[in-house]
Engineer: 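My questions will all concern the structure given below.
What's counted below: heavy atoms across the whole structure, side chains too, no hydrogens, waters or symmetry copies. Every number for a ligand or one of its atoms is a count from 1 in the order of the listing. Since the structure is predicted, the reported quantities are computational estimates derived from the model, not experimental observations.
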Amino acid sequence: MKKSIISPMDITVDELGALMDLADDIMKYPEKYAHACDGRILATLFFEPSTRTRLSFEAAMLRLGGKTMGFASADSSSATKGETVADTVRVISSFADICAMRHPKEGAPAVAAAHATIPVINAGDGGHHHPTQTLTDLFTIRSLKGRLDHMTVGFCGDLKFGRTVHSLIRALVNYTDVRFVFISPRELTIPDYIRNDILIRENIPFEEVSRLEDVLPRLDLLYMTRVQRERFFNEEDYMRLKDSYILDKKKMSLAREDMMVLHPLPRVNEIATEVDSDPRAVYFEQVRYGMYIRMALILTLLEIKVD
Ligand code: NCD
């Protein structure tokens, strides 16, 4: 495995399989791993707000017996004094054994990785990538559906700015017979680089539609996303688009019995709370899988083996 994980392309299909096998073992025998990271420190460098991802990394390290430190917003770091990401990460390399970084600027974690002497994990950079959310999504799908191939996957919502969408598409194209249905308003369709450089170039079947109801009955998996308010240039557009899709009980009645609903969270309005009790809604379970796959990733990047 590469020293740092910046995009989903940094992990091969085989490495991914090994990570998920390790995460399975950790879920089954947590006590075996409870001291695997004794004496190690994870730094969480969050230049952009997050609850889930940061706490998921921290919980993962704590459950491995390690310790954590860091900051949860740019204003509580020296970035406000004008320090560069390269300098920040050089300094952190002396304090911690591994770090997870979230940054509003696309490419910032890649710059960090080039200057760090410790592994850097991208915990989300702008509208670009979010590889550990992708690991979370893939591990959830494999665990609950039993496979990652032969599937029709629907992505719904903000497909333009949603980095979790971009990363998951990138990873899923490596599996056999995966087809995509993109459901979004015209203003929020997938970026050209995904359409042209990945889907068309690799001959992956996909369609782009604007009505969720029309395609729901065909989906094996529905990945819902929130409209990414913080990446809009004006509030008016956000207000107009924010409630484009709301998944409710009525729409769920059109879906297959075994269709799974995923969401990276936080949810705003796009899934009515009445859907939460539907057994097909797995977004809260997804959070748990996320912690275990991050435990597996930390162990692997630190090259710690547990027998
Ligand atoms: C996502 C993100 O930060 O991109 N959240 C997460 O990490 N679970 C999705 C989002 O913010 O909408």
Engineer: Can you find an N or O of Glu230 that's nearer than 3.5 Å to an N or O of ligand 1?
Structural biologist: no
Engineer: Do Glu58 and Arg54 come within less than 4.5 Å of each other through their side chains, counting heavy atoms only?
Structural biologist: yes
Engineer: Does the pair Arg267/Asp276 count as a salt bridge with the N-to-O cut at 4.0 Å?
Structural biologist: yes
Engineer: Using a 4.0 Å cut-off to any heavy atom of Thr53, which atoms of ligand 1 qualify?
Structural biologist: 6 (C), 7 (O), 8 (N)
Engineer: Within the structure provided, determine whether Phe155 and Leu168 are in side-chain contact (heavy-atom separation under 4.5 Å).
Structural biologist: yes
Engineer: Could you tell me which atoms of ligand 1, counted from 1 in the order shown, lie closer than 4.0 angstrom to a heavy atom of Arg102?
Structural biologist: 3 (O), 7 (O)
Engineer: Does NZ or CZ of Arg102 come closer than 6.0 Å to the centre of the six-membered ring of Phe46, within 45° of the ring's axis?
Structural biologist: no
Engineer: Taking only residues two or more places apart in sequence, or in another chain, which ones meet Thr225 in a side chain to side chain donor-acceptor pair (under 3.5 Å)?
Structural biologist: none
Engineer: Distance to 0.1 Å, residue and atom name: give those for the protein heavy atom nearest to atom 11 (O) of ligand 1.
Structural biologist: Arg226 NH2, 2.8 Å
Engineer: If you measure every N/O of Thr164 against every N/O of ligand 1, is any gap under 3.5 Å?
Structural biologist: no
Engineer: Might you point out which heavy atoms bring Pro264 and Met224 nearest each other, and give the distance in Å?
Structural biologist: CD-O, 3.3 Å
Engineer: Please report which non-hydrogen protein atom sits nearest to atom 8 (N) of ligand 1, along with the residue it belongs to and the distance in Å to one decimal place.
Structural biologist: Pro264 O, 2.9 Å
Engineer: Compile the donor-acceptor pairs under 3.5 Å between side chains in residues 1-11 and protein atoms, sequence neighbours left out, one pair per line.
Structural biologist:
{"residue": "Lys2", "atom": "NZ", "partner": "Asp10", "partner atom": "OD1", "Å": "3.0"}
{"residue": "Lys3", "atom": "NZ", "partner": "Ala116", "partner atom": "O", "Å": "3.3"}
{"residue": "Ser4", "atom": "OG", "partner": "Val120", "partner atom": "N", "Å": "2.9"}
{"residue": "Ser7", "atom": "OG", "partner": "Met9", "partner atom": "N", "Å": "3.0"}
{"residue": "Asp10", "atom": "OD2", "partner": "Ile6", "partner atom": "N", "Å": "2.7"}
{"residue": "Asp10", "atom": "OD2", "partner": "Ser7", "partner atom": "N", "Å": "3.0"}

Engineer: Side chain, backbone, both or neither: which part of Thr225 comes within less than 4.0 Å of ligand 1 when only heavy atoms are counted?
Structural biologist: neither
Engineer: Are Pro266 and ligand 1 in contact, using a heavy-atom cut-off of under 4.0 Å?
Structural biologist: yes
Engineer: Identify, by atom number and element, the atoms of ligand 1 in contact range of Gln133, meaning under 4.0 Å from any of its heavy atoms.
Structural biologist: 6 (C), 7 (O), 8 (N)
Engineer: So, does Asp220 use its side chain to make a donor-acceptor pair with the main chain of Thr152 at under 3.5 Å?
Structural biologist: yes
Engineer: Nearest protein heavy atom to atom 5 (N) of ligand 1, by residue and atom, and its distance?
Structural biologist: Leu265 O, 3.0 Å
Engineer: Around atom 4 (O) of ligand 1, find the nearest protein heavy atom and jot down its residue, atom name and distance.
Structural biologist: Arg163 NE, 2.8 Å
